[in-house]
Q: 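Take a look at the following structure, please.
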Protein chains: 2
Amino acid sequence: MARRGAYHHGDLAAAAVDEAVRLIAADPEAGFSLRALAERLGVAHRALYNHFETREALLAAVAARGIDTLAEALAPAADPRSFLAAYVRFALAQPGLYGVMTQRRYDQINGHPPLRAAVDRVIAVALGTLATPGADADTRRREVMRLWMLVHGGIGLHRAGMLRLRPDAEFADELLLIAGIAAAQENTP
Amino acid sequence: MARRGAYHHGDLAAAAVDEAVRLIAADPEAGFSLRALAERLGVAHRALYNHFETREALLAAVAARGIDTLAEALAPAADPRSFLAAYVRFALAQPGLYGVMTQRRYDQINGHPPLRAAVDRVIAVALGTLATPGADADTRRREVMRLWMLVHGGIGLHRAGMLRLRPDAEFADELLLIAGIAAAQENTP
DNA sequence: GCTTAATGTATCCAGTGGATACATAACCGA
DNA sequence: TCGGTTATGTATCCACTGGATACATTAAGC
């Protein structure tokens with residue numbers, strides 16, 4: 001975030017995003033509140049408005065951060081199976097953050113360049129791992145979108161409790177099986 | 001439920017769900033508020049608590065209503081393509097309601113029998129249209145879940161503005177294309 | 001018909017996002 | 001070195017929210 005000189009609080013904007021991520025992770029069920037965040041930062045809640053126009057803007061920054069973290073988690077994957085497994089692992093480990101990242105309105109992403117850029121970064125990583133190398137751009141994009149839709153939709157239905165799984169089934173395995181990526185178990189940690 | 005005799009307001013519980021659906025459809029962006037609903041019903045907001053333990057309980061009833069409506073919209077479909085097209089049409093026509101239906105927590109569905117029943121009703125309809133008639137139960141369930149995940153995930157990414165579509169592409173067509181249900185064909189890779 | 005439980009109202013509360021007005025400290029040009 | 005401009009933070013206030021408590025009303029059941 002460029003060199004914002006240290007002030008009262010140092011770099012409140014960055015600290016706010018950090019702490020918000022922690023706060024959301026600590027209790028994914030509880031709704032996110034500006035005032036709870038401000039209190040944790042030891043600052044008047046109104047101070048946050050010097051860095052974020054609105055609560056939604058702050059959450060957009062949190063989402064961008066989350067998406068970048070996701071991209072980092074996905075980058076090492078060498079094949080579709082481990083890629084999707086890493087995606088599911090992230091979403092299940094950070095349910096609150098994943099919600100902030102994905103349950104946004106159209107404009108909140110496309111009207112917010114850093115967020116749009118973060119999303120495109122993930123798509124770029126996915127293209128490298130999920131798409132058929134030789135194919136033309138449109139086909140590759142569709143391959144990626146298809147798998148993304150599958151895994152994202154599966155996670156969403158799972159979170160909502162709508163999926164009927166075999167009682168003993170592990171969600172991630174079942175999802176990959178359904179997605180048609182079952183196959184031999186590689187080196188997934 | 002059943003025959004609650006007419007009272008001051010008649011059947012407030014049913015009227016509340018009706019009006020809530022209308023309210024949410026009227027402005028899908030605006031957050032849903034008990035007090036706005038009560039005002040529309042010409043009733044003290046506290047009166048709603050005689051019929052719904054909490055705001056979430058009311059929204060669960062709204063979700064159940066929405067899911068039933070969805071099931072009705074899907075029932076006439078004779079093949080996977082028209083089934084999925086009807087599903088997408090519903091989600092795009094009722095974005096607010098679709099959000100209430102799907103963006104719930106696990107317990108809110110599985111701890112609420114009418115909701116669970118409504119979901120299972122949709123699954124039953126889907127099994128009749130999307131699954132291969134001869135196959136065994138587990139396979140059929142997975143076929144349904146796969147398509148549901150695809151279409152639900154696609155809608156979610158689209159709502160969030162994350163999908164990169166060809167500029168001229170109609171979302172529904174593109175989704176069916178990506179899902180591998182283009183015009184005349186149907187298969188499972 | 002009278003009691004009783006169901007339903008609705010009036011009022012209060014703490015918590016929320018946001019606005020306005022003001023205080024403070026850092027930076028920059030003189 | 002200084003002094004003012006500007007970024008940052010605080011103090012208060014507001015309308016609104018979901019929910020709780022206390023009370024009024026009316027429909028049903030004995």
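A note on names: the letters A, B, ... follow the listed sequences, proteins ahead of strands, and every chain is numbered from 1.
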Q: Students often get this wrong, so: under 4.0 angstrom with heavy atoms, is A/F32 touching a base, only sugar-phosphate, or nothing?
A: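 The answer is sugar-phosphate, as A/F32 gets under 4.0 Å only of primed atoms, P, OP1 or OP2.
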Q: Among A/L84, A/I123, A/L130, exactly one meets side-chain contact (heavy atoms from CB on, under 4.5 Å) together with A/W148. Which residue is that?
A: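 Of A/L84, A/I123, A/L130, side-chain contact (heavy atoms from CB on, under 4.5 Å) with A/W148 is met by A/I123 alone.
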Q: When you compare the side chain of B/L58 with that of B/R55, does any pair of heavy atoms fall below 4.5 Å?
A: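 The answer is no; the side chains never approach within 4.5 Å.
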Q: Check every strand shown and say whether B/R55 touches a base, only sugar-phosphate, or nothing at a heavy-atom separation below 4.0 Å.
A: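 The residue B/R55 makes sugar-phosphate contact but no base contact.
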Q: Mind listing the closest non-hydrogen atom pair of A/H45 and A/A38 along with its distance?
A: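 Looking at all heavy atoms of both residues, the shortest contact is CA-CB, 3.3 Å.
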Q: Is A/S82 reaching over with its side chain to a backbone N or O of A/D79, donor-acceptor style, under 3.5 angstrom?
A: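 Yes, the answer is positive, given that a donor and an acceptor are paired below the 3.5 Å cut-off.
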Q: Let's see if you can work this out: which of D/dT17, D/dC13, C/dT7 has an atom nearest to the side-chain heavy atoms of A/R35?
A: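 The listed nucleotide nearest to A/R35's side chain is D/dC13.
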Q: Say whether, by atom type as modelled, one donor and one acceptor occur between the side chain of A/E143 and the main chain of A/T132 under 3.5 angstrom.
A: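 Checking the backbone N and O of A/T132 against the side chain of A/E143, a donor-acceptor pair under 3.5 Å is found.
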Q: Does C/dG17 have OP1 or OP2 under 4.0 Å away from a side-chain N or O of A/T54?
A: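 No, A/T54 has no side-chain N/O under 4.0 Å of OP1/OP2 on C/dG17.
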Q: Rounded off to whole Å, could you give me the CD-to-C1' distance for the B/E56 and D/dG19 pair?
A: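 It works out to 14 Å between those atoms.
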Q: How long is the line joining CD of B/E39 and P of C/dT9, in whole Å?
A: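 In whole Å, C/dT9 P lies 13 Å from B/E39 CD.
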Q: Distances under 3.5 Å only, N/O to N/O: pair up the protein atoms with those of nucleotides 20-22 of chain D.
A:
| from | atom 1 | to | atom 2 | distance (Å) |
| --- | --- | --- | --- | --- |
| D/dA20 | N7 | B/R46 | NE | 2.6 |
| D/dA20 | N7 | B/R46 | NH2 | 3.4 |

Q: Without decimals, in angstroms, what is the distance between B/L37 CG and D/dC16 C1'?
A: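 For the pair B/L37 CG and D/dC16 C1', the rounded distance is 16 Å.
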Q: Would you check if B/H158 and B/L92 make a side-chain contact, meaning some heavy-atom pair closer than 4.5 Å?
A: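 Touching, per the 4.5 Å side-chain cut-off.
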Q: Using a cut-off of less than 4.0 Å, is there contact between a side-chain N or O of B/H51 and OP1 or OP2 of C/dG8?
A: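 Yes, such a contact exists.
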Q: Taking atom P of D/dA11 as reference, at what distance in whole Å does atom CG of A/N50 sit?
A: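 Whole-Å distance recorded here is 14 Å.
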Q: Just how far, in rounded Å, is P of D/dG19 from CZ of B/F52?
A: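 Distance, rounded to whole Å: 13 Å.
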Q: Kindly determine whether A/R65 and A/D68 satisfy salt bridge (charged side-chain N to carboxylate O under 4.0 Å, His left out), including the steps that lead there.
A: CA-CA 5 Å; A/R65 160 78 57 92; A/D68 279 334; over 6 Å; no
Q: Nearest to the side chain of A/L34 - C/dG18, D/dT17, D/dG9?
A: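 Nearest nucleotide to the side chain: C/dG18.
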Q: Round to the nearest Å and state the distance from B/L41 atom CG to C/dT7 atom P.
A: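 Distance check: B/L41 CG to C/dT7 P gives 16 Å.
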Q: What is the distance, to the nearest angstrom, from the CG atom on A/D11 to the C1' atom on C/dA26?
A: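 In whole Å, C/dA26 C1' and A/D11 CG are 15 Å from each other.
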